[in-house]
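Taking it in order: structure first as structure tokens, then the write-up.
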Amino acid sequence: MTLPGLYLVGAPKAGTTSVASWLAEHPAVFWSTPKEPYYWATDYPGMREHYGFDSRARYERLFSSSEALDATVRGEGSTTYLYSKAAVPAIVQEVPDATFVVCLRNPVDMIVSYHRTQLVALNEDEPDFGLAWRRSLLGGLPWTQPLDPKLVDYPLVGRLGDAMAELLQRVPRDRVHVIWFEDLVHAPDRTWDALTHFVGIGSNPRPAFEAKNPSEKAFRFGPVRRLTHRPPAALQSPMRRLRQWSRTTSMPGVAVAKRSLWRQAPRPRANPEIRREVAMHLRPDVERLSDLLDRDLGHWTALAAQVPRTVEW
């Protein structure tokens, strides 16, 4: 069987790219390239088609190399799986002993940062997070066409308690490992030890614990970004193949060329009024998550109106 046994299912902007990168450095682990194939989330068909892994054959090829087959652990990390109604049931049906890792973060900080990623992905066209949040509360969508409306449903993305409750209804608790963003930032060594113990690999060699994919970039050339990610109908098929190739190739120079398309941007922020509004809306869900995982999360709501000073990953 070439299917992975380890799934890093979310949440977005909660350190998943860093965790995946650290695991990928371990000699016992093979991690998919790209990190997020989105294959199992069949209820996000636009994402699967856009990124090119909407067939079982393409997905399995990610894990069919000799390096993958020789690895002790094979994994992938698609953050849509945490919210998908289809992904986890399909995974456990095909891989009954699959294990799951979830990264969790104060949802106010998380969705402010996540909103930036949707702008970059061209799923969102409202640069003001507060306006996008209030539009989403009313069930509205951006003028642009997102790959899936659920991607810009910010209250849905922020309800980590609901998402975790559904996950734990489908997967035994001992096969789910939770990583808290605060611990990832402030105690990476301890977090790594707990993660490797759960995965069943040695804690050495230890990664450098560098943050990956921080929320500090924006595309440099809007027309190029739209051509490659929202092409006209006649170019959709070749651009889809180009995107898939660029996400999977290790050809020298490609990474450098891709980096040249980005510029550094200030990290996203929301004003205290909006932060309080979001925190109050999500407070019942935070309390549900606190009860579910037996962890005091009262500080999430208490600090929600403050501008965060922690590292934004």
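Along the sequence shown, residues are numbered consecutively beginning with 1. No hydrogens, no waters, no symmetry mates; every other heavy atom, side chains included, goes into these values.
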Side chain to side chain contact (heavy atoms under 4.5 Å, CB included), that's the test. Do Tyr114 and Leu151 meet it? Break it down for me. CA-CA 10 Å; Tyr114 172 81; Leu151 295 170; 3.9 Å; yes
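Annotation: side chain of Arg135 is in contact with side chain of Pro142 (closest heavy-atom distance under 4.5 Å). Counting heavy atoms from C-beta outward, Val199 and His26 have side chains that stay 4.5 Å or more apart. Between Phe100 and Ile91 the shortest side-chain heavy-atom distance falls below 4.5 Å. Residues Leu3 and Tyr59 meet the side-chain proximity criterion, which asks for heavy atoms closer than 4.5 Å.
Taken to the nearest 0.5 Å, the CH2 atom of Trp40 stands 4.5 Å off from the CZ atom of Arg56. Between atom CZ of residue Phe63 and atom OG of residue Ser32 there is a gap of 4.5 Å, rounded to the nearest 0.5 Å. The CD atom of Glu277 sits 7.0 Å away from the CD atom of Glu273 when rounded to the nearest 0.5 Å. Atoms CZ and OG1, on Arg74 and Thr2 in that order, are 6.5 Å from each other to the nearest 0.5 Å.
Counting all heavy atoms, side chain and backbone alike, Leu141 lies closest to Pro149 at CD2-CB, 3.9 Å. Nearest heavy atom pair, residue Leu122 against residue His229, reads CD1-CB, 4.1 Å. Nearest heavy atoms, Pro146 versus Val152: CG-CG2, 4.2 Å. Nearest heavy-atom pair across Ser203 and Asp193 is CB-OD1, 3.5 Å.
Between the side chain of Glu124 and the backbone N or O of Glu126 there is at least one donor-acceptor pair closer than 3.5 Å. Without hydrogens or angle criteria, Arg243 side chain to His50 main chain gives a donor-acceptor distance under 3.5 Å. Put simply, the side chain of Lys13 never gets that close to the backbone of Arg116: no donor and acceptor are under 3.5 Å apart.
Lys35 and Thr16 share a side-chain donor-acceptor pair at under 3.5 Å. Side-chain contact annotation: Tyr154 with Gln118, donor-acceptor N/O pair under 3.5 Å absent.
Relative to the six-membered ring of Tyr39, Arg48 meets both conditions, a distance below 6.0 Å and an angle of at most 45° to the axis.
Under the 4.5 Å side-chain contact rule for hydrophobic residues, Phe209 and Leu184 share a cluster.
Under a 4.0 Å N-O distance rule, the pair Arg230/Asp125 does not qualify as a salt bridge.
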